[in-house]
Amino acid sequence: QVQLVESGGGLVQAGGSLKLSCAASGRTFSSYAMGWFRQAPGKEREFVAAISGSGGTTNYADSVKGRFTISRDNAKLTLYLQMNNLKPEDTAVYYCAAKRPHWVLSGNYDYWGQGTQVTVSS
């Protein structure tokens, strides 16, 4: 029903910034709550941030609160993650994901992108 493609990852020094994008297909983008997740080598996938369909509600993991900002542009069918003051422990593959209903941010996310690598050097 929806296809997701992440971009914007790369190599950055600690303290730097990156902005990730997730482009969605279809005309029903606003019908989904969206989230960012990440997975580091040898570790389980973890929640990073989520946003409701309208963009009016957001949730963040404690580890990124105050440093990362999730946003969306429904007209452009795009989800964003602005990452500031990056730390080496932020190094991971970052995935965007989608779920319904769009007003519930918790629960299982059913649709996933392929991921984009973020590497933070010290």
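At least one side-chain heavy atom of T116 sits under 4.5 Å from a side-chain heavy atom of L20. Between E89 and T91, the closest side-chain pair of non-hydrogen atoms is not below 4.5 Å. With contacts defined as side-chain heavy-atom distances shorter than 4.5 Å, the pair L79/W36 qualifies. Within the 4.5 Å cutoff, the side chain of W112 has heavy atoms near those of the R45 side chain. Y80 has its side chain out of reach of R72: every pair of non-hydrogen atoms, C-beta onward, lies at least 4.5 Å apart.
How far OG of S30 is from CG of D73: 11.5 Å, rounded to the nearest 0.5 Å. Put simply, OG on S71 and CE on M34 are 11.5 Å apart, with the number rounded to the nearest 0.5 Å. Here NZ of K19 is found 14.0 Å from CZ of F68. Values are rounded to the nearest 0.5 Å.
Taking hydrophobic clusters as Ile, Leu, Val, Met, Phe, Trp and Tyr residues chained together by side-chain heavy-atom distances below 4.5 Å, V12 does not share a cluster with V93. Follow the hydrophobic side-chain contacts under 4.5 Å out from V64 and you reach Y94 in the same cluster.
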If you look only at distance, which donor and acceptor atoms sit under 3.5 Å apart when one is on a side chain in residues 81-88 and the other is two or more places apart or in another chain?
residue, atom, partner, partner atom, Å
Q82, NE2, N84, OD1, 3.0
N84, OD1, S17, OG, 2.9

Which atom pairs, donor and acceptor, lie under 3.5 Å between side-chain atoms of residues 2-10 and protein residues at least two apart or in another chain?
residue, atom, partner, partner atom, Å
E6, OE1, Q114, N, 2.9
E6, OE1, Q114, NE2, 3.3
E6, OE1, G115, N, 2.8
E6, OE2, C96, N, 2.8
E6, OE2, G115, N, 3.3

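Taking every heavy atom of both residues into account, A92 and R38 meet most closely at CB-CB, 3.8 Å. When every heavy atom of G113 is checked against every heavy atom of Y95, the shortest pair comes out as O-CD2, 3.6 Å. Looking at every heavy atom in both residues, V104 comes nearest to A33 through O-CB, 3.7 Å. Summarising the geometry of Y109 relative to G35, their closest heavy-atom pair is CE2-N, 3.7 Å, with the distance given to 0.1 Å.
Among residues at least two apart or in separate chains, side chain to side chain donor-acceptor pair (under 3.5 Å) pairs with a member in residues 49-62 are D62-K65.
Ion pairing of D90 with R67 is present here, as a side-chain N (NZ or NE/NH1/NH2) and a carboxylate O approach within less than 4.0 Å.
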message: Set out, in order, the CA-CA distance, both residues' side-chain angles and the distance that settles side-chain contact (heavy atoms from CB on, under 4.5 Å) for Y32 and H102, then state yes or no.
response: CA-CA 4 Å; Y32 297 88; H102 60 83; 5.5 Å; no
task: Check the pair F37, F47 against ring pair (Phe, Tyr, Trp, His ring centres under 6.0 Å), reporting the backbone distance first and the verdict last.
output: CA-CA 5 Å; F37 297 78; F47 168 77; 5.7 Å; yes
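Between the side chain of T78 and the main chain of K76, a donor-acceptor pair closer than 3.5 Å is present.
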